[in-house]
Amino acid sequence: MLKRFLHTWLCLVLVGLLSQVQAQQAPHKLRYEYGDIRLGTGVRKPRLSWQLASTQAGARQTAYQILVASSAEALAKNQGDVWDSGKINASQSVYVDYQGKNLESRQRYFWKVKIWDEKGKASGWSKPDWWEMGLLAKDDWKADWIGMAGVVGEPPRSTQGRKEFPVRGKLVKARVYATGLGDYALQINGQRVGDMLLTPGWTDYLKKVYYQTYDVTELLKEGNNQIDAFLGNGWWSGGLGWGGGFHRYSQGPLRLLCQLELTYTDGTRELITSNTSWKIRLSPVIYDSMYHGEHYDARQEAKGTEADGWVTPVVLNTAKNQTTLFGPTADANANEQAATFDMSTLQVVAQEAPPIRVTETRKAVKVTEPKPGHFVFDFGQNMAGIVHLSIPKGVYGQEVALHFAELLHDDGTVAQENLRSAKSTDRYICKSNGGKEEWEPMFLYHGFRYVEVIGFPGKPTADQIVAKVIHTDFEPIGEFSTSEDILNKIYSNARWTLKSNALSIPTDCPQRDERLGWMGDAQIFVASSCYLMDINSFWAKYSRDIADSQHPSGYVYDVNPKMVVGGPSKPAWGDATLIVPWTSYEFFGDKRILETNYASMKAWVEYMNQHASTKKTGLYYFSDPSEQWFGYGDWVPVVASPSKPIGGAYQVYSNTLLAKAATVLGKTEDATKYAALAKQYTSKYNDLYFKDNNYEGKTQAANLMPLTFGIVPENLRARIAQNIADDVKAHDNHLTTGFIASQQILPRLSDYGYNDLAYQVATQKTYPSWGYMAENGATTMWELWNSDKEKPEGMNSRNHFAYGSVIEWYFRYLAGVEPIDPGFKTFRIAPKPPKDLNWVKFSYQSLYGPIVSNWERKNGKLQLNVTVPPNTQAELVLPLTVGQTATLAGKKLKTNTTTLVPGSYRVEIQ
């Protein structure tokens, strides 16, 4: 009896241990689409991803099975009533296409996955995950676009909509689907709905606007309830661009689309929709402009009386208006697409990119009083965001003014000259006598390090004026540090500049009267951003903005969504049409970004290939009618280079990228065609611009671009690289490049045997250099190499991410990590340690798991520690010099190149 009991007990223990091992090895970190939006998604054919949990050396996936169910209960029973993929013999674990039943509006779906490993053994099922669809069909919307009849003020005065309604019983769930033109913010029963800011975000409003979905079940109660919607100008009608901000989609009225859906326990559903049953009034926000500030009069908050000024809203479903995208006159908008905005053709689509949120709260590191009653808060970091104002004891009617700036005058007050026409001042008017009051703006953000507070009742403390950092809420995935402090400072500056300039779109700057989606800045920085952040969905969204704004002729605009700057785009700016999606594909393996944007990419390339200049000379160049100006060139360089050749250089590059994209998508005829054209244009470029072993201009930039884009004949590449190195040395080991070529200079030096020279350029602390900025107080990247010396007014931003492209070199060359196959399915680890650098630490959270590349000089040896995540493979290329040997796990390596399967490794070179 005892023997049978012990046998049974042992079997149960073994089964339990086996189940535990299977659970430990089950896939984890399940991811729906981009991992950003899973409530209220509009993606009808989503992709599913996961990571292998195994820590065994060589761990890889040989097969998988996905179950998708309509309920958690069905999934728990292993019933994939929506989709059961069956066992699929494949190693793919990233962006696996859903292939089940058609997805339905409002439905929540539950899913899990299991895998078979390299030995053919099945894992346990992953923990379940879910996603929920939004409103997929136009008929799902029963709400009307509503707004206030007429417009008060310029820009339009903010309005507040309200609907009171009963909840008649217990709820299973409650969802709000909402959007606005311009920005909107919701409250239910006095509580803020959600944590997303500046909704609905900036898109090409002429074509589409995003809606957001909120779970508001916990905010509602049985009985009477109230929903309030506050509307502000945002990017819609507040005015954009320099010279007064007269570029806008509309001059009002502000408008709301809101649908609250209640699902009761008995299965019935009730809709509360925006329509003429709502009330609307002017809100306490008496003025709001992205550039100039937000002014809030707390005395005008609704008190529930007739004096609040509620009126019946008007329905705006078919409203039309003229836009002033490129200027205030008809001539300025001539020949441009969609000069009229039409509500009836506007697409309302589910948000697909990550929202803007508060990502960090910072207290001032110093508070000074340079003048009586003028308190200056120094937050120690340039940023994009807002401040939260806390007043312990209000004084009725007292106005508190907050002036934002990146700089200080010599007397310690804030300096706003470099903001140009942007006033960047918030104002709050107190509503009480002796009561505590709190406020923060709803409809804008500022670029700032300093805030000067005037009119505060009493003396404010660091707890009463608090900065909130806001940006598109993507996750950090790249971490980097070195033994050289100046590199660490530059790295920090680049990270902060990315955060400051990612607010729905990639902007040039966050502070002055601009903040536009310049494509040149975007394409220059895109690779660095992909090392830093899980930013794929952000670039996918921006690529759609470019395509949405594209002119029927094929040209694209310098700024997207198109605004302020009329087309056609200039060389290196327009080519972001290809560079952004292709780079995102390389880093994240997102094939759909190429599928979605291929037509747009091809149209831009065809525009260049069929351009009159191409037909005239055999190679594209941009020119104004006088043939005197050829585009922006290598923007704001130290030494100017000819601008005309840049058009041809990027024509070669864009044709090359289009051929690669066509290959990926199986468009073989296009792949052959554009590869041949790239070769043809390469030959023509050398005919036109190469002479005496140099390219026209003989500058660093003039030689860097053809070398980077593969235009230089192979037998001349070393010579051109030497030209660049010689020019760097002639400038006392400094660069002379601008926006475009500064991204290229360090990589090309390292590629062609000048790695130590590249390191000297990277660590320079004298002008012009990245270190010069950091040594002179920069906490973000400057627009100009000498922003500290140039006059502050005009074009002089202290928060511009183009020069942040230097950190791509940190990751690709110092740490040595770069993708070979898209998404790091196969990748290279090939560090190039400069002789004067002692150590580097690098980690990258790929979609397969963490990649690590750390090295250190110690006891006369170079020690390298690397990690290869499961289901990937790495090519290790060691920096061996003549006479050196390397050992891996105690075994001597015969060559400097080794293939690594998943696992962690230690290599010593001596």
Side-chain angles (χ1 to χ4, degrees), residues 155 182 198 201-202 204 233-249 288-293 324-328 332 356 382-385 404-407 415-425 443-449 470-472 497-525 542 545-546 549 557-567 569-570 572-573 576 632 635-636 738-739 780-784 787 790-804:
L198 303 181
W202 192 0
D204 182 352
N233 289 291
W235 295 283
W236 164 252
S237 53
L240 297 169
W242 48 88
F246 44 65
H247 306 267
R248 62 187 73 186
Y249 298 93
D288 71 282
S289 159
M290 276 285 186
Y291 295 163
H292 303 311
T324 54
L325 299 188
F326 305 105
I356 298 167
N382 208 2
M383 69 185 87
F404 295 79
E406 297 182 303
L407 303 166
Q416 294 187 314
E417 285 81 359
N418 74 319
L419 308 185
R420 301 192 299 212
S421 67
K423 296 179 175 61
S424 200
T425 298
F443 302 125
L444 53 69
Y445 68 93
H446 300 282
F448 68 100
R449 172 176 171 170
I470 69 170
H471 59 82
T472 296
T497 309
L498 170 57
K499 291 191 288 187
S500 301
N501 284 287
L503 285 107
S504 191
I505 63 166
T507 60
D508 56 324
C509 59
Q511 77 296 89
R512 71 185 180 211
D513 57 354
E514 196 162 352
R515 313 187 201 183
L516 302 173
W518 284 95
M519 292 218 290
D521 304 52
Q523 68 94 349
I524 292 160
F525 192 65
Y542 185 61
D545 291 335
I546 297 170
S549 296
Y557 294 85
D558 290 330
V559 164
N560 288 283
K562 62 182 180 184
M563 175 63 66
V564 181
V565 185
S569 191
K570 317 311 177 293
W573 272 248
Y632 304 124
W635 187 243
V636 290
F739 273 20
T780 45
M781 290 292 176
W782 293 347
E783 181 177 19
L784 307 175
S787 280
E790 286 289 320
K791 61 183 181 180
E793 63 271 17
M795 197 194 74
N796 197 347
S797 162
R798 298 297 184 103
N799 201 340
H800 240 74
F801 65 30
Y803 285 134

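Remark: T780 pairs with N382 by the side-chain hydrogen bond (donor to acceptor under 3.5 Å, both in side chains) rule, at least two apart or across chains. Residues passing the ring pair (Phe, Tyr, Trp, His ring centres under 6.0 Å) test with H800, sequence neighbours excluded: none. Judged as a side-chain hydrogen bond (donor to acceptor under 3.5 Å, both in side chains), and not counting sequence neighbours, K499 has no contacts. Not counting sequence neighbours, the partners of H471 by the side-chain hydrogen bond (donor to acceptor under 3.5 Å, both in side chains) test are T359. With sequence neighbours excluded, the residues satisfying side chain to side chain contact (heavy atoms under 4.5 Å, CB included) with L407 are A415, N418, R798. Under the ring pair (Phe, Tyr, Trp, His ring centres under 6.0 Å) criterion, Y632 pairs with W518, W573, W629, W635, not counting sequence neighbours. Every side chain to side chain contact (heavy atoms under 4.5 Å, CB included) that S504 has, sequence neighbours left out, goes to W202, W235, I356, K541. Listed by chain and residue number, A522, F538, W539, Y542, F801 satisfy the side chain to side chain contact (heavy atoms under 4.5 Å, CB included) test with P506 (two or more places apart in sequence, or in another chain). Every side chain to side chain contact (heavy atoms under 4.5 Å, CB included) that A802 has, sequence neighbours left out, goes to D521, F739. Under the side-chain hydrogen bond (donor to acceptor under 3.5 Å, both in side chains) criterion, N560 pairs with no residue at all, not counting sequence neighbours. Remark: F404 engages H446, F448 in a ring pair (Phe, Tyr, Trp, His ring centres under 6.0 Å) (not counting sequence neighbours).
A donor-acceptor pair under 3.5 Å is formed between the side chain of Q416 and the backbone N or O of K423. Looking at Q523, its side chain does come within 3.5 Å of a backbone N or O of A572 through a donor-acceptor pair.
For the atom pair OG1 of T324 and CG of L240, the computed distance is 9.0 Å after rounding to the nearest 0.5 Å. Here CD1 of I505 is found 10.5 Å from CD1 of I546. Values are rounded to the nearest 0.5 Å. Expressed to the nearest 0.5 Å, how far CE of M795 lies from SG of C509 amounts to 10.0 Å. Interatomic distance, Y249 OH to N233 CG, rounded to the nearest 0.5 Å: 13.5 Å.
Inter-residue side-chain proximity for L198 and M290 is flagged as met; some heavy-atom pair is nearer than 4.5 Å. Between D558 and K570 there is a side-chain heavy-atom pair separated by less than 4.5 Å. N501 places a side-chain heavy atom less than 4.5 Å from the side chain of P510. Side chains of L516 and V559 form a contact here, defined as non-hydrogen atoms less than 4.5 Å apart. Residues T497 and N799 are in side-chain contact: their nearest non-hydrogen atoms beyond the backbone lie under 4.5 Å apart. Here the side chains of Y557 and M563 are not in contact, with every heavy-atom distance at 4.5 Å or above. A 4.5 Å side-chain heavy-atom check between L444 and H292 finds every atom pair outside the cut-off. When side chains are defined from C-beta on, R420 counts as touching E514, because their heavy atoms get closer than 4.5 Å.
When all heavy atoms are compared, the tightest approach of G234 to D288 is N-OD2, 4.1 Å. Between R512 and R515, the closest heavy-atom pair is O-NE, 3.1 Å. The two residues K791 and N796 make their nearest non-hydrogen contact at O-ND2, 3.3 Å. For the pair P328 and F246, the tightest heavy-atom approach, listed with the atom from each and the gap, is CD-CE1, 3.4 Å. In plain terms, the two heavy atoms of E790 and L784 that are nearest each other are CG-CD1, 3.8 Å. Scanning both residues, L419 and S424, for their nearest heavy atoms gives CD1-CB, 3.6 Å.
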